[in-house]
Participant: 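I have a structure I would like to understand better, so I am pasting it below and will then ask my questions one at a time.
This chain uses plain numbering: 1 for the first residue, then up along the sequence. Note that these values count all heavy atoms, side chains included, but never hydrogens, waters or copies made by symmetry.
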Amino acid sequence: MILETIKRRAVNLLISLFGIILLVLFYGCNTKEKAAKEKQSIYRAVNANNDTATLSIVINKTRFYGQYEIKYGETTKDSGSVKGNIKDNILLGEYYCRPYGGNLKRVPISLLRKDDKLFLGNGVITTYLGLPCFAAGVPITYTDAEFVFEEIKK
């Protein structure tokens, strides 16, 4: 009888302890706090050929991710996701897209953040371990950017 009472109290204590641990974990992993540190922005750019690019990205201190779409005139478009790292004022990552509705393709992307604008970088693309990337030692230029993105204010 006494042994059963001790077992019941031990089980109740373990269940209570488990519940407290779960509450602490849920409180520590609060997604609202994470969302406050990230900022989602929508950028749009039009180039000389009247191609329109829309970039919807979430930026935090060291990473970015989002969606990127390029409409070529009124005929075709490329759309997909972007993600990468941020170092100083350079966003360097990859654009994973489906060009012209075809097969999925991975393309390196570099954006310079300057004066509330994003300048799409041009560079030499090479392949390293089967993945396309910008060639090391060859600078990425932003002066003759195909797209200069301006933020769309909500």
Side-chain angles (χ1 to χ4, degrees), residues 15-154:
I15 290 172
S16 298
L17 185 60
F18 183 72
I20 291 170
I21 290 172
L22 282 178
L23 284 174
V24 169
L25 284 174
F26 284 128
Y27 182 77
C29 299
N30 189 350
T31 56
K32 290 180 185 177
E33 205 172 294
K34 208 179 221 185
K37 294 178 184 175
E38 296 179 338
K39 178 188 175 211
Q40 181 174 7
S41 302
I42 299 174
Y43 293 87
R44 185 162 291 135
V46 179
N47 69 8
N49 298 329
N50 285 328
D51 300 333
T52 304
T54 305
L55 181 62
S56 173
I57 58 174
V58 174
I59 299 173
N60 60 36
K61 288 184 179 182
T62 60
R63 305 253 322 136
F64 72 94
Y65 62 92
Q67 297 296 312
Y68 183 32
E69 179 181 271
I70 306 170
K71 290 184 181 180
Y72 301 101
E74 298 293 324
T75 56
T76 59
K77 72 175 180 176
D78 293 348
S79 62
S81 62
V82 292
K83 66 178 179 177
N85 298 317
I86 300 172
K87 185 170 181 179
D88 298 326
N89 58 347
I90 303 289
L91 287 71
L92 185 61
E94 64 184 12
Y95 172 39
Y96 198 59
C97 65
R98 186 176 300 276
Y100 308 113
N103 295 329
L104 288 172
K105 175 178 159 180
R106 189 171 283 170
V107 180
I109 187 169
S110 181
L111 298 160
L112 171 68
R113 190 168 28 179
K114 180 180 175 186
D115 299 329
D116 295 330
K117 295 181 183 180
L118 295 175
F119 296 82
L120 182 64
N122 296 317
V124 176
I125 297 175
T126 186
T127 304
Y128 180 73
L129 297 175
L131 297 173
C133 61
F134 289 109
V138 180
I140 299 171
T141 62
Y142 303 94
T143 54
D144 56 343
E146 180 181 5
F147 289 111
V148 178
F149 293 92
E150 294 187 27
E151 186 174 4
I152 299 171
K153 303 293 181 188
K154 294 179 184 179

Participant: Rounded to the nearest 0.5 Å, what's the gap from CZ on F64 to NZ on K83? Could you check?
Facilitator: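 Interatomic distance, F64 CZ to K83 NZ, rounded to 0.5 Å: 10.5 Å.
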
Participant: So, applying side chain to side chain contact (heavy atoms under 4.5 Å, CB included) with F147, which one of L55, T52, I70 is it?
Facilitator: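 Among the candidates, only I70 passes.
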
Participant: To the nearest 0.5 Å, how far apart are NZ in K71 and OG in S79?
Facilitator: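 Here the rounded value is 10.0 Å.
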
Participant: What is the minimum heavy-atom distance between L92 and S110, and which atoms define it?
Facilitator: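 Reported closest heavy-atom pair: CD1-CB, 3.7 Å.
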
Participant: State, yes or no, whether a side-chain contact exists between L120 and Y68 at a heavy-atom distance under 4.5 Å.
Facilitator: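 In contact.
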
Participant: Look up atom CG in L112 and atom CD1 in I140, then write down how far apart they are to the nearest 0.5 Å.
Facilitator: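 Nearest 0.5 Å value for the CG-CD1 distance: 10.5 Å.
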
Participant: With sequence neighbours left out, which residue pairs that include part of residues 108-134 fulfil the salt bridge (charged side-chain N to carboxylate O under 4.0 Å, His left out) condition?
Facilitator: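 Checked against salt bridge (charged side-chain N to carboxylate O under 4.0 Å, His left out) - neighbours excluded - the pairs reaching residues 108-134 are K117-E150.
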
Participant: Ignoring hydrogens, what is the shortest heavy-atom contact between L111 and Y142? Give both atom names and the distance.
Facilitator: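 Closest approach of L111 to Y142: C-CE2, 4.1 Å.
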
Participant: Looking at G73, is its backbone amide N or carbonyl O close enough to the side chain of D51 to form a donor-acceptor pair, meaning the two atoms are under 3.5 Å apart?
Facilitator: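 Checked: pair present.
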
Participant: Within a strict 4.5 Å, meaning less than it, do heavy atoms of the T126 and V138 side chains meet?
Facilitator: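 Not touching, per the 4.5 Å side-chain cut-off.
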
Participant: Before giving the answer on side-chain contact (heavy atoms from CB on, under 4.5 Å), spell out for L118 and I57 the whole-Å C-alpha distance, their side-chain angles and the decisive distance to 0.1 Å.
Facilitator: CA-CA 11 Å; L118 295 175; I57 58 174; 4.1 Å; yes

Participant: Step by step, would you call Y72 with D78 a side chain to side chain donor-acceptor pair (under 3.5 Å)?
Facilitator: CA-CA 8 Å; Y72 301 101; D78 293 348; 3.0 Å; yes

Participant: Starting at OG1 of T54, measure out to OH of Y43 and round the result to the nearest 0.5 Å.
Facilitator: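 Result: 13.5 Å between the selected atoms.
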
Participant: Are the side chain of N60 and the backbone N or O of T62 linked by a donor-acceptor pair below 3.5 Å?
Facilitator: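 The answer is yes, because a donor-acceptor pair under 3.5 Å joins these two groups.
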
Participant: Taking ring pair (Phe, Tyr, Trp, His ring centres under 6.0 Å) as the cut-off, I'd like each qualifying pair that reaches into residues 110-140, sequence neighbours left out, listed once.
Facilitator: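 Every candidate ring pair (Phe, Tyr, Trp, His ring centres under 6.0 Å) pair involving residues 110-140 fails, so no pair, neighbours aside, qualifies.
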
Participant: Mind listing the closest non-hydrogen atom pair of V82 and I109 along with its distance?
Facilitator: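 That closest heavy-atom pairing would be CG1-CD1, 4.3 Å.
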
Participant: Does the side chain to side chain donor-acceptor pair (under 3.5 Å) test come out yes or no for Q40 and S56, once each step is laid out?
Facilitator: CA-CA 7 Å; Q40 181 174 7; S56 173; 3.1 Å; yes

Participant: What are the two closest non-hydrogen atoms of Q67 and S81, and how far apart are they?
Facilitator: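 Between these two residues, the closest heavy atoms are NE2-CB, 3.8 Å.
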
Participant: Does the side chain of P108 come within less than 4.5 Å of E94's, by heavy atoms?
Facilitator: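 No. Closest side-chain heavy atoms not under 4.5 Å.
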
